[in-house]
Peer 1: 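What follows is a single structure, and I will ask about it in a moment.
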Amino acid sequence: MTETITPRPLYASTAVRPRWTDLPPWVRELIGRRLGGPVAAGSSAGGGFTPGFAALVRGPAGTEFVKAVDAVAHPHIADCYRREAAINRALPAGVPAPALRWAEESAGWVVLGFDPVPGARMPADPWRPEELAAALDACAALAGALAGPSPELLALGLKPLRPEPGEDDFDDWRRLAGGAPGAELLPGWFPAGLIDPLAALEEHWIAATAGDAVLHEDLRRDNIVLDAAGRAWICDWNWPRLGASWFDLTLLLATAHTDGHDADRLFGTHPAARDAAPEQLDSALAALTGYFLRSGGQPDPPSGSLMLRRHQTWSGEVTLRWLAARRGWRV
């Protein structure tokens, strides 16, 4: 296991969420109607970085995992929930994702109800071999079921990984190599001599990650839930994109590398990565490193979790450390 300079985020307790009693009465009544009468809610989920309600809720009709957010106070999160509901409905069979049961809007709130995952728990931190294997099995299932977008998903306007006008181009290293400001956002431990080689790899990230597979595109530990049997489920389908089927493995295996697992072997033997060349993975890791380290140096967000910037900086460090190990760089 590699000790990182950035403190490891405690992913089970990164969220700042409202409790059941904080929800407006009409939202609690709406959920009660869906669950057949008076309900009892469990503790709010500790993972994530958004200010939305998220908890198991039990009622006469059964148990559901419910998410709710004030669309007036948090319009971006509300759009994410609406998008998640649309994507979830369109996911084909074979995708290990909890199914959406219903979605409703009432008086400025967006509320979603999902199938519960029996015995749900987040994977341990650091990664245990059997739990990492379960997560990688889920990635293999995604790669098989989502090798190409269905008509239902295409109708939702899925975008490719490559940026569109106005979107982030993942060009952080190239801009810094060209003399643009921004180096002050990098953590103090970052070796400045790596900017140029990172820029050279980053230049090819769009071609390296191109593809037609549907990607979760935010596959991290706190978006994975293990059930009582140890099977992994992938949650939070907010903004999937189209790209190379192995892209979802990059951050996941970077964290595994930091935890002492053989990430190169796991990547090379994974069904989603059978056609990936080493330079393609390295270009993706370079682009992700720049994005995460630059984002982690930004001011804290006005709402939500204050752990977001640590998560981003830590993610940038672990992707850089895996890339450095692959390239023989010293960090």
Side-chain angles (χ1 to χ4, degrees), residues 2 11 91 94-97 122-123 125-148 160-162 170 201-202 204-226 231-292 311-312 314-327:
T2 302
Y11 283 106
L91 289 176
V95 175
M122 190 184 299
D125 193 3
W127 281 105
R128 296 172 181 165
E130 69 278 8
E131 294 182 350
L132 178 59
L136 293 173
D137 286 346
C139 289
L142 295 187
L146 297 173
L161 280 175
R162 67 176 183 270
F170 281 20
L201 287 172
E202 178 193 71
H204 305 289
W205 82 267
I206 293 176
T209 61
D212 296 320
V214 180
L215 307 172
H216 181 278
E217 219 249 322
D218 194 20
L219 193 57
R220 56 181 200 254
R221 188 189 310 271
D222 52 327
N223 282 338
I224 297 173
V225 175
L226 299 170
R231 182 188 181 193
W233 299 78
I234 310 300
C235 306
D236 294 341
W237 289 81
N238 295 316
W239 302 104
R241 292 208 177 211
L242 302 176
S245 60
W246 51 264
F247 186 79
D248 277 337
L249 297 172
T250 51
L251 179 57
L252 191 68
L253 286 178
T255 65
H257 170 79
T258 294
D259 291 347
H261 300 273
D262 188 346
D264 287 329
R265 180 188 64 80
L266 292 169
F267 183 85
T269 58
H270 196 276
R274 61 170 58 96
D275 297 324
E279 288 288 329
Q280 290 178 274
L281 173 59
D282 290 353
S283 291
L285 288 172
L288 286 172
T289 295
Y291 167 76
F292 279 128
H311 155 70
Q312 290 169 331
W314 188 78
S315 297
E317 182 175 350
V318 299
T319 51
L320 178 60
R321 287 187 179 278
W322 186 20
L323 177 59
R326 291 172 53 80
R327 306 293 293 192

Peer 1: Counting heavy atoms not belonging to D212, are there more than 12 under 6.0 Å from its CG?
Peer 2: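 No, not enclosed.
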Peer 1: Can you find a heavy atom in the side chain of D222 that is under 4.5 Å from one in the side chain of D236?
Peer 2: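 Side chain of D222 against side chain of D236, heavy atoms only: no contact under 4.5 Å found.
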Peer 1: Please say whether the positively charged group of R241, taken as NZ for Lys or CZ for Arg, lies over the ring of W239, i.e. under 6.0 angstrom from the six-membered ring centre and within 45 degrees of the axis.
Peer 2: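 No, cation not above the ring by the 6.0 Å, 45° rule.
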Peer 1: Can you tell me how far apart CG (L281) and CH2 (W205) are? Round to the nearest 0.5 Å.
Peer 2: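 Rounded to the nearest 0.5 Å, the CG-CH2 separation comes to 14.5 Å.
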Peer 1: Taking atom CG of D137 and atom CG of L142, what is their separation to the nearest 0.5 Å?
Peer 2: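 CG of L142 is found 11.0 Å from CG of D137.
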Peer 1: In the structure I gave you, are the side-chain heavy atoms of L242 and V214 within less than 4.5 Å of one another anywhere?
Peer 2: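 Side-chain contact under 4.5 Å: yes.
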Peer 1: Tell me the closest heavy-atom pair linking A138 and I234, and the distance in Å.
Peer 2: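 Distance-wise, the nearest heavy atoms are CB-CD1, 4.0 Å.
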Peer 1: For a side-chain contact (heavy atoms from CB on, under 4.5 Å) check, start with the C-alpha distance between T319 and L251, then their side-chain angles and the critical distance, and finish with the verdict.
Peer 2: CA-CA 7 Å; T319 51; L251 179 57; 4.1 Å; yes
Peer 1: Starting at CG of L146, measure out to SG of C139 and round the result to the nearest 0.5 Å.
Peer 2: 11.0 Å
Peer 1: Check step by step if side-chain contact (heavy atoms from CB on, under 4.5 Å) holds for L252 and I224.
Peer 2: CA-CA 10 Å; L252 191 68; I224 297 173; 3.7 Å; yes
Peer 1: Are any side-chain N or O atoms of S283 and backbone N or O atoms of E202, one a donor and one an acceptor, separated by less than 3.5 Å?
Peer 2: no
Peer 1: Looking at CG of L132 and CG of L266, how far apart are the two atoms once the value is rounded to the nearest 0.5 Å?
Peer 2: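 Nearest 0.5 Å value for the CG-CG distance: 6.0 Å.
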Peer 1: Could you walk me through whether E279 and L201 pass side-chain contact (heavy atoms from CB on, under 4.5 Å), step by step?
Peer 2: CA-CA 8 Å; E279 288 288 329; L201 287 172; 3.6 Å; yes
Peer 1: Looking only at non-hydrogen atoms, find the nearest pair between V95 and W237 and report the distance.
Peer 2: CG1-CZ2, 3.8 Å
Peer 1: Closest heavy-atom contact between A141 and G94?
Peer 2: CB-O, 3.8 Å
Peer 1: For Y11 and H311: C-alpha separation, side-chain torsions, deciding distance, then whether side-chain contact (heavy atoms from CB on, under 4.5 Å) applies.
Peer 2: CA-CA 9 Å; Y11 283 106; H311 155 70; 2.7 Å; yes
Peer 1: Search all heavy atoms of Q280 against all heavy atoms of D275 and return the closest pair with its distance.
Peer 2: OE1-O, 3.8 Å
Peer 1: If I compare all heavy atoms of W246 with all of A208, which pair ends up nearest, and what's the gap?
Peer 2: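 Heavy-atom minimum between the residues: CZ2-O, 3.3 Å.
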Peer 1: Taking the side chain from D248 and the backbone from H216, do they hold a donor-acceptor pair closer than 3.5 Å?
Peer 2: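 Yes; judged by distance alone, with no hydrogens or angles, the pair exists.
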Peer 1: Where do P96 and A232 come nearest, in terms of heavy atoms and distance?
Peer 2: CB-O, 3.7 Å
Peer 1: Checking T250 side chain against L285 main chain: does a donor-acceptor pair fall under 3.5 Å?
Peer 2: no
Peer 1: From E130 CD over to L226 CG, what is the distance, rounded to the nearest 0.5 angstrom?
Peer 2: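 CG of L226 is found 9.0 Å from CD of E130.
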Peer 1: Would you check if the side chain of H261 reaches a backbone N or O of A263 as a donor-acceptor pair within less than 3.5 Å?
Peer 2: no
Peer 1: Between the main-chain N or O of L323 and the side-chain N or O of H257, is there a donor-acceptor pair closer than 3.5 Å?
Peer 2: no
Peer 1: As a test of understanding, state which of T255, T2, D264, T258 forms a side chain to side chain donor-acceptor pair (under 3.5 Å) with W322.
Peer 2: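 Considering T255, T2, D264, T258, a side chain to side chain donor-acceptor pair (under 3.5 Å) with W322 is found only for D264.
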Peer 1: Measure the CZ-OG1 distance between R162 and T209 for me, rounded to the nearest 0.5 Å.
Peer 2: 10.0 Å
Peer 1: Are any side-chain N or O atoms of N223 and backbone N or O atoms of D218, one a donor and one an acceptor, separated by less than 3.5 Å?
Peer 2: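 Side chain of N223 to backbone of D218: a pair is present.
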